[in-house]
*Asks:* 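Structure provided below as structure tokens; questions to follow.
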Amino acid sequence: MKNILWVLLIFMLSSVLWGQTIFKTPKSDRIANYDIDVQLNTNNKTLIGKEIINWKNNTENPTKELQFHMYLNAFKSKKTTFNVEGRSTHRGSSFDPARSGWTNITDLKIGQKNYTNKIKFIQPDDNNSSDSTVILINLENEIKPGEELKIEIEFEAMLPKVYARTGYNDNFFMVGQWFPKLGFLEDEGWNCHQFHRNSEFYANFGVYNVSITVPKEFIVGATGIRIDSLQTDSLATYKYRAEDVIDFAWTASPRFLKETRNIRDVEVELLYQPEHSGMVERYFYSMDLAIKFYGEWFMKYPYPKMTVMDPPLKALGAGGMEYPMFITGGSIMGFPECIRFGPEIVTIHEFGHNYFYGILASNEFEEAWLDEGMNSFAENKITAITWGEWGSSVDFGDVKNGDWATAR
């Protein structure tokens, strides 16, 4: 009886915590909302997850199908579209077929109907039968404009060895593009491209409630705000909430050191490697510059927190990437201050992506200039103002290079 009461108490407390809000007034239409429960197995590098998606047809037309991204399937083999286009390399890292990644849906329900056996892989861009990064589900009943749908999914995933910004190396984990994710329904139909070498991510705004379970010695950072944590003898569960965002990513490692500072009313959490302690002030200075200039030129950063993750040397492929409220930097022990490609430029650039693409929510696949173009312009301008047009990237005696010149 006591055990039952204890379980009920935990359930009620969890419900109250999940009910916490960040914004008094929503900042978006919140079309695709995710409640996700995931556990990381650090031994076999797998994820076991459950998600509930509450989605609304916000278009003018009915639909009788759903399309989902299965991004991790881009790392199943050398024959996927991502690897064919990139010749199985990405930013100097090579794809290792022996340490591949994938996602598999083990159960999918909509209402009382089970659609697991109705899942169909499609290749809308190139007809590559070896690519399984998009799935289609034909529904029994059409979803009318304004109608809402509840989708329940159970899934498992294998993380690749760090490659193309996601995966593991030893006991370091960067978990990006990791869950089955709805495509974007437009008036013209589903916008759900395959995972291409030069494409990134396009999605609806929503609320994410994500519960992450890891070995208790692991330090976790993620999109959103941590609202609760629970521990057992061997495991820890961290609950995060993010509102009005278009994606969710997280990281875990027992080696992280953490420092948090308030910068211009934003709580900035830095997770860094012990050997990179000399880079801490450079990271925070870069964040101060980014929050200041993007706030003055475009709009005040609307979220209360930003997490910055500094990856280890063996996992630099996980660096230099953006997610809402969570970015990954990049540094090397002893990296001289006269070379600013590391903490400074990467940090400013990835923070800027929280505007272009994050707040703007542009379609990076089809209109890349609205993302990389606009953001790189702002980054170049910040570095020129701060360190001068010449020498903002490299300023070592007579050897000088500016961010503007690099862009050109």
*Asks:* For F356 together with F298, are the ring centres under 6.0 Å from each other?
*Replies:* yes

*Asks:* Could you verify whether a donor N or O on one side chain and an acceptor N or O on the other, from N401 and T406, lie under 3.5 Å apart?
*Replies:* yes

*Asks:* Return yes if some donor-acceptor pair links the side-chain N/O of N169 with the main-chain N/O of A315 below 3.5 Å, else return no.
*Replies:* no

*Asks:* Do T237 and T213 have a side chain donor and acceptor closer than 3.5 Å?
*Replies:* yes

*Asks:* I need the full list of side-chain hydrogen bond (donor to acceptor under 3.5 Å, both in side chains) pairs touching residues 192-202, with sequence neighbours left out, sorted by first then second residue.
*Replies:* T81-Q194, E85-H196, D125-H193, D125-H196, D126-Q194, D131-Q194, R165-E200, E186-Y202, H193-E366

*Asks:* Going by the rule side-chain hydrogen bond (donor to acceptor under 3.5 Å, both in side chains), which residues pair with K109 if we only count those two or more places apart in sequence or in a different chain?
*Replies:* none

*Asks:* Nearest 0.5 Å, what's the CD1-CG distance between I332 and L316?
*Replies:* 5.5 Å

*Asks:* Shortest non-hydrogen contact from G221 to E269?
*Replies:* CA-OE2, 4.2 Å

*Asks:* Under the salt bridge (charged side-chain N to carboxylate O under 4.0 Å, His left out) rule, collect the residues that match up with E60, sequence neighbours excluded.
*Replies:* none

*Asks:* Check the orientation of F179 and Y208. Use parallel for under 30°, tilted for 30 to 60°, and perpendicular for over 60°.
*Replies:* perpendicular

*Asks:* Restricting to side-chain hydrogen bond (donor to acceptor under 3.5 Å, both in side chains), what partner residues turn up for D395, sequence neighbours left out?
*Replies:* K400

*Asks:* Examine distances only and state if a side-chain atom of T21 and a backbone atom of K24 form a donor-acceptor pair shorter than 3.5 Å.
*Replies:* no

*Asks:* Just by distance, do the side chain of T166 and the backbone of M174 share a donor-acceptor pair under 3.5 Å?
*Replies:* yes

*Asks:* Decide if the gap between the ring center of F82 and the ring center of F75 is smaller than 6.0 angstrom.
*Replies:* yes

*Asks:* Centroid separation under 6.0 Å, is that true for the rings of F326 and F248?
*Replies:* no

*Asks:* Side chains of D310 and S331: donor-acceptor distance under 3.5 Å anywhere?
*Replies:* yes

*Asks:* Under the side-chain hydrogen bond (donor to acceptor under 3.5 Å, both in side chains) rule, what pairs show up with a residue in residues 149-163, not counting sequence neighbours?
*Replies:* N83-Y163, N104-E156

*Asks:* Considering only residues two or more places apart or on different chains, which pairs with a residue in residues 46-55 satisfy side-chain hydrogen bond (donor to acceptor under 3.5 Å, both in side chains)?
*Replies:* N44-T46

*Asks:* Could you list the residues that satisfy side-chain hydrogen bond (donor to acceptor under 3.5 Å, both in side chains) with S28, not counting sequence neighbours?
*Replies:* D244

*Asks:* To the nearest 0.5 Å, what is the distance between CH2 on W250 and OH on Y240?
*Replies:* 10.0 Å

*Asks:* Indicate whether any N or O donor in one side chain lies under 3.5 Å from an N or O acceptor in the other, for T116 and N114.
*Replies:* yes

*Asks:* Keeping the roles fixed (side chain from N191, backbone from F184), state whether a donor-acceptor pair exists under 3.5 Å.
*Replies:* no

*Asks:* Would you confirm whether K381, through its side chain, and S376, through its main-chain N or O, come within 3.5 Å as a donor-acceptor pair?
*Replies:* no

*Asks:* In plain terms, say whether D233 and K216 are close enough for a salt bridge, that is, a side-chain N and a carboxylate O under 4.0 Å apart.
*Replies:* no

*Asks:* For P324, is there any backbone N or O sitting under 3.5 Å from a side-chain donor or acceptor partner on T223?
*Replies:* yes

*Asks:* Just by distance, with hydrogens left out, do Y238 and R226 show a side-chain donor and acceptor under 3.5 Å apart?
*Replies:* no

*Asks:* For M321, is there any backbone N or O sitting under 3.5 Å from a side-chain donor or acceptor partner on T328?
*Replies:* yes

*Asks:* Short question: side chain of D170, backbone of F172 - any donor-acceptor pair under 3.5 Å?
*Replies:* no

*Asks:* With no hydrogens and no angle check, do the side chains of N61 and D187 hold a donor and an acceptor under 3.5 Å apart?
*Replies:* no

*Asks:* Does atom CH2 of W369 have more than 12 heavy-atom neighbours, drawn from other residues, nucleotides or ligands, at distances under 6.0 Å?
*Replies:* no

*Asks:* Below 4.5 Å, heavy atoms only, C-beta onward: do T347 and I345 meet side chain to side chain?
*Replies:* no

*Asks:* Under the criterion side-chain contact (heavy atoms from CB on, under 4.5 Å), I'd like the reasoning laid out for I53 against L182: C-alpha separation, chi angles, the key distance, then a yes or no.
*Replies:* CA-CA 9 Å; I53 308 172; L182 265 177; 3.8 Å; yes

*Asks:* Among all residues two or more places apart in sequence or in another chain, which pass the side-chain contact (heavy atoms from CB on, under 4.5 Å) test with V308?
*Replies:* V268, L270, Y283, M287, M306, I327

*Asks:* Would you call the rings of H349 and H353 parallel, tilted or perpendicular, taking 30° and 60° as the class edges?
*Replies:* perpendicular

*Asks:* Walk me through it: do Q67 and V134 pass the test side-chain contact (heavy atoms from CB on, under 4.5 Å)?
*Replies:* CA-CA 7 Å; Q67 292 186 19; V134 177; 4.3 Å; yes

*Asks:* Would you check if I105 and F68 make a side-chain contact, meaning some heavy-atom pair closer than 4.5 Å?
*Replies:* no

*Asks:* For residues 135-145, which side-chain N or O atoms pair as donor and acceptor with protein atoms under 3.5 Å away, sequence neighbours left out?
*Replies:*
from: E140; atom 1: OE2; to: K113; atom 2: NZ; distance (Å): 3.2

*Asks:* Is R241 salt-bridged to E243, cutoff N-O under 4.0 Å?
*Replies:* yes

*Asks:* For residues Y303 and E267, is any side-chain donor paired with an opposing acceptor at under 3.5 Å?
*Replies:* no

*Asks:* Can you confirm if the NZ or CZ of R261 lies within 45° of the ring axis of F284 and under 6.0 Å from the centre of its six-membered ring?
*Replies:* yes

*Asks:* Which word best sums up how the rings of Y355 and Y301 line up, parallel for under 30°, tilted for 30 to 60°, or perpendicular for over 60°?
*Replies:* tilted

*Asks:* More than 12 heavy atoms of other residues, nucleotides or ligands under 6.0 Å from NZ of K118: is that the case?
*Replies:* no

*Asks:* Kindly write out the residues that satisfy side-chain hydrogen bond (donor to acceptor under 3.5 Å, both in side chains) with N33, not counting sequence neighbours, or none if the list is empty.
*Replies:* none

*Asks:* Are the side chain of S362 and the backbone of E364 linked by a donor-acceptor contact shorter than 3.5 Å?
*Replies:* no

*Asks:* Are E337 and R282 close enough for a salt bridge, meaning some N to O gap below 4.0 Å?
*Replies:* no

*Asks:* With E372, which residues qualify under salt bridge (charged side-chain N to carboxylate O under 4.0 Å, His left out), at least two apart?
*Replies:* none

*Asks:* Answer yes or no: does atom CZ of R264 have more than 12 heavy-atom neighbours from other residues, nucleotides or ligands under 6.0 Å?
*Replies:* yes

*Asks:* Let me know which of D403, V346, V394 forms a side-chain contact (heavy atoms from CB on, under 4.5 Å) with F341.
*Replies:* V394

*Asks:* Using 30° and 60° as the class limits, which term best fits the ring planes of Y71 and H69: parallel, tilted or perpendicular?
*Replies:* parallel

*Asks:* In chain order, what residues pass the salt bridge (charged side-chain N to carboxylate O under 4.0 Å, His left out) check against E322, with sequence neighbours excluded?
*Replies:* none

*Asks:* Treating R99 as the side-chain partner and L159 as the backbone partner, does any N or O pair qualify as donor plus acceptor under 3.5 Å?
*Replies:* no

